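Structure, as structure tokens:
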There are 2 protein chains.
Amino acid sequence: MATSLDVAQLAGVSQSTVSRALRGDPMVNEKTRERIREIARKLDYTVDKNASNLRTQQTRTLALLFFEDPTPDESNINPFFMSMQGWIARVCSERGYDLLVSFQQMSRNWHAEYTGSHKADGLILLGYGDFLAYRSKLDALAQSGTRFVRWGSLLLDQPGIAIGSDNQLGGRMVTEHLVAQGRRRVAFIGSPEHSPEVMERYRGYQAALRAAGIDLDPALRVDAVTSQQSGHDAVLALLDKGLTFDAVFGASDLIAIGAMRALIRRGLKVPEQVAVAGFDDIAMAGNVSPSLTTVAQDTRRAGRLLVEALIALIEGKPVQSTCLPAHLVVRESSVTA
Amino acid sequence: MATSLDVAQLAGVSQSTVSRALRGDPMVNEKTRERIREIARKLDYTVDKNASNLRTQQTRTLALLFFEDPTPDESNINPFFMSMQGWIARVCSERGYDLLVSFQQMSRNWHAEYTGSHKADGLILLGYGDFLAYRSKLDALAQSGTRFVRWGSLLLDQPGIAIGSDNQLGGRMVTEHLVAQGRRRVAFIGSPEHSPEVMERYRGYQAALRAAGIDLDPALRVDAVTSQQSGHDAVLALLDKGLTFDAVFGASDLIAIGAMRALIRRGLKVPEQVAVAGFDDIAMAGNVSPSLTTVAQDTRRAGRLLVEALIALIEGKPVQSTCLPAHLVVRESSVTA
DNA sequence: CTGAAAGCGCTTACAG
DNA sequence: CTGAAAGCGCTTACAG
């Protein structure tokens with residue numbers, strides 16, 4: 001593998017000049033620069049990132065950390081996050097950054113592992129769940145001067161920059177929509193205590209019911225993690241308790257789709273007998289049958305914003321937390337013809 | 001940020017000893033080792049990867065390269081690849097490797113960029129399409145001694161190690177299944193010339209028809225890239241030409257799902273009038289309605305195999321290309337009650 | 001069992 | 001405009 005010294009030798013210049021020429025330093029004579037570039041190309045020479053990173057103390061690499069919670073579940077990742085990652089990866093490459101991707105349990109050392117070891121200049125935190133448990137890690141990150149942005153709730157008391165959807169408004173809109181369809185007994189499936197985002201969606205749900213003069217029935221709230229299975233089981237639990245309800249708001253599309261399957265399997269008609277709505281607008285939502293009413297989050301814009309906020313942070317520019325608008329997408333699962 | 005020298009100073013030993021102790025060198029006195037470890041922990045010291053990589057000339061990083069083809073499409077990545085990536089990431093972390101993820105167009109320099117610059121010890125190539133165009137890149141990779149594995153076809157004349165599904169058998173099984181349902185006019189939607197995997201699926205389709213004594217009708221083959229839109233448009237094209245067919249085999253689930261939508265929109269009953277089948281078994285396949293008959297590829301096993309083959313390659317161990325079994329998953333879209 | 005020293009391949013003041 | 005030299009923070013023969 002060629003080094004800058006090999007290039008220098010062939011070009012008849014010093015290694016310093018090669019380094020300068022390849023970095024486009026205008027101090028280097030244009031002709032020399034071109035000659036050096038040509039030789040480098042012929043030799044398939046590429047700057048050794050480890051050497052240059054070591055020297056400059058930066059990596060031009062961002063780390064994307066997925067948190068799997070609460071169980072290190074064997075099943076697939078929420079497609080919503082996958083879609084986000086797609087955009088994050090694109091923007092990274094657009095901005096000349098490499099992207100390190102890693103799945104994390106909330107084990108000991110991830111907060112020190114990336115920036116301490118100079119693997120990355122900054123972190124993007126995605127899908128972390130229980131914010132109480134993570135709080136101390138976030139504090140440690142902030143304390144150590146690590147640059148990071150997280151996707152999620154914009155709760156006031158969390159350290160660092162956050163980009164997130166307007167979960168509360170989203171939850172409110174979707175519940176208002178269900179109520180507008182004449183539904184009075186709206187079940188909520190999800191775990192507000194587990195994740196601040198779900199908490200916000202739940203608050204929106206509460207607010208909408210309150211505004212409609214409908215009393216909250218605590219029995220209609222069932223815990224669930226973000227998976228079809230979990231949504232499925234939650235509906236069965238409601239049904240088996242003999243509770244009646246005419247609508248289900250799943251805290252995520254995966255939950256809602258699982259819930260819908262359970263309803264249909266038990267012979268209930270969606271949306272006639274039970275209307276269903278979710279949150280996220282993953283690709284599947286538009287393709288299930290009946291197609292799923294949901295709250296769309298703009299993963300494209302979110303991905304871009306996350307990357308750009310982090311880079312700004314790294315470059316020492318001012319950055320603000322941002323709340324993205326969410327919008328209601330009405331489909332078949334909530335509207336009777 | 002603490003360095004090994006800081007730790008050494010506090011521990012009253014030399015920097016070499018710190019380095020040895022932290023790497024678990026048994027030469028170092030056990031008590032000293034423990035003491036050093038303790039101090040390192042207190043200081044939140046992490047080995048600088050750039051420095052150690054530079055010294056050892058390896059990175060313990062793998063790069064995952066997605067190829068978007070043929071258009072640098074704005075839309076989402078095939079969920080099949082996303083699922084694969086999930087498993088790849090998990091196995092990487094299990095094996096102590098970091099994972100660099102990058103979307104590539106088949107632009108100039110990706111083949112030199114990763115290993116030449118010591119960003120990664122090896123490459124995983126995913127979703128590359130036109131193998132003719134990539135052939136020269138693969139040759140260059142092989143020539144430069146770059147370690148790489150690719151997901152895809154096991155065509156004999158491609159350089160390097162490949163892991164792939166038995167596309168031909170898969171294509172054959174699904175077509176045989178359609179024929180067994182009494183279908184005689186089976187359309188194929190996909191572009192064999194564009195991708196070797198699709199080519200193999202197409203060959204399986206041909207073989208199954210031949211075995212059933214059904215003449216191949218070239219008019220029933222329509223090009224499509226892997227997207228719902230493309231599958232949708234292909235069916236419309238067939239319909240608008242006035243061609244008749246009683247089954248559609250989409251070269252991917254995305255294509256098949258798009259095809260199904262187009263059929264339904266045009267008032268055709270699936271599966272009664274037209275049976276539909278796909279390939280991949282993405283999560284959506286089981287959730288659309290009617291649920292989609294398809295050929296399942298084991299992304300979990302595939303992801304593991306890709307990572308382990310690449311690591312073996314890096315460690316200089318013998319590695320073989322592997323063809324994974326694919327299996328038919330019969331669902332509602334192909335079977336009349 | 002431990003330390004002093006070389007060297008991985010760069011970047012960048014400093015000197016000319 | 002160019003070169004000689006220091007130094008980024010490690011790992012690992014080599015010597016003791």
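What you are looking at is a predicted structure, and each value in this text was computed from that prediction instead of being measured. Reminder, nothing fancy here: chain letters follow the sequence lines and each chain counts from 1.
A:Q143 CD: 12 or fewer foreign heavy atoms inside a 6.0 Å radius. Within a 6.0 Å sphere centred on CD of A:E315, heavy atoms belonging to other residues, nucleotides or ligands number more than 12.
Nucleic acid contact class of A:S16 (heavy atoms, under 4.0 Å, all strands): base. Within the 4.0 angstrom heavy-atom criterion, base atoms lie near A:R20. The residue B:T56 sits close only to the backbone: its heavy atoms come under 4.0 Å of sugar-phosphate atoms, none of a base. When heavy atoms are screened at a 4.0 angstrom cut-off, A:T3 is found touching the sugar-phosphate backbone but no base atom.
Between B:Q57 and B:T32, it is B:T32 whose nearest contact on DNA chain C lies nearer the 5' terminus. Between A:M27 and B:A2, the residue whose closest nucleotide on DNA chain D is further toward the 5' end is A:M27.
Look at A:T17 and you won't find any side-chain N or O under 4.0 angstrom from OP1 or OP2 of D:dT2. Residue B:R55 places none of its side-chain N or O atoms closer than 4.0 Å to OP1 or OP2 of D:dC8. Taking side-chain N and O atoms only, B:S14 has no distance below 4.0 Å to OP1 or OP2 of C:dA4.
For D:dT2 and D:dA6, the P atoms lie 23 Å apart once the distance is rounded to whole Å. Taking the C1' atoms as reference points, C:dT12 lies 16 Å from C:dG16, given to the whole Å. For the P atom pair drawn from C:dC1 and C:dA5, the interatomic distance equals 24 Å after rounding to whole Å.
Looking only at atom types and distance, the side chain of B:T46 has no donor-acceptor partner in the side chain of A:S117 under 3.5 Å away. Neither side chain, B:S153 nor B:E197, offers a donor N or O lying under 3.5 Å from an acceptor on the other. When only modelled atom types and interatomic distance are considered, A:Y114 and A:S102 share a side-chain donor-acceptor pair under 3.5 Å. Between the side chains of A:S19 and A:S16, no donor N or O sits under 3.5 Å from an acceptor N or O.
Atom CZ in A:R33 sits about 9 Å away from atom P in D:dC1, given to the nearest Å. Here D:dC10 presents its P atom at 19 Å from NE2 of B:H118, a figure rounded to the nearest Å. Atoms NZ (A:K31) and C1' (D:dT2) sit 17 Å apart, rounded to a whole Å. In this structure, the CD atom of B:Q15 is 13 Å from the P atom of C:dA5, given to the nearest Å. Straight-line distance from the CG atom of A:D6 to the P atom of C:dC8: 12 Å, rounded to whole Å. A straight line from CE of B:M1 to C1' of D:dC10 spans 16 Å, rounded to a whole angstrom. Counting to the nearest Å, the C1' atom of D:dT12 and the CD atom of B:Q58 are 14 Å from each other. Rounded to an integer number of Å, the gap from CG of A:N53 to P of C:dC8 is 18 Å.
Closest to the side chain of A:Y45, from the set C:dC10, D:dT2, D:dT11, is C:dC10.
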Please evaluate residues B:Q85 and A:Q85 with respect to the criterion side-chain hydrogen bond (donor to acceptor under 3.5 Å, both in side chains), reporting the C-alpha separation (whole Å), side-chain torsions for both, the decisive distance (0.1 Å), and the verdict. CA-CA 11 Å; B:Q85 186 205 305; A:Q85 186 206 304; 2.8 Å; yes
Once pairs are restricted to Watson-Crick or G-U wobble with both distances under 3.5 Å, how does DNA chain D read as a dot-bracket string, [ ] for crossings and | for other-strand pairs? |||.||||||||.|||
Listed pairs under 3.5 Å, donor-acceptor, residues 307-314 of chain A side chains, sequence neighbours left out:
from	atom 1	to	atom 2	distance (Å)
A:E308	OE2	A:R304	NH1	3.1

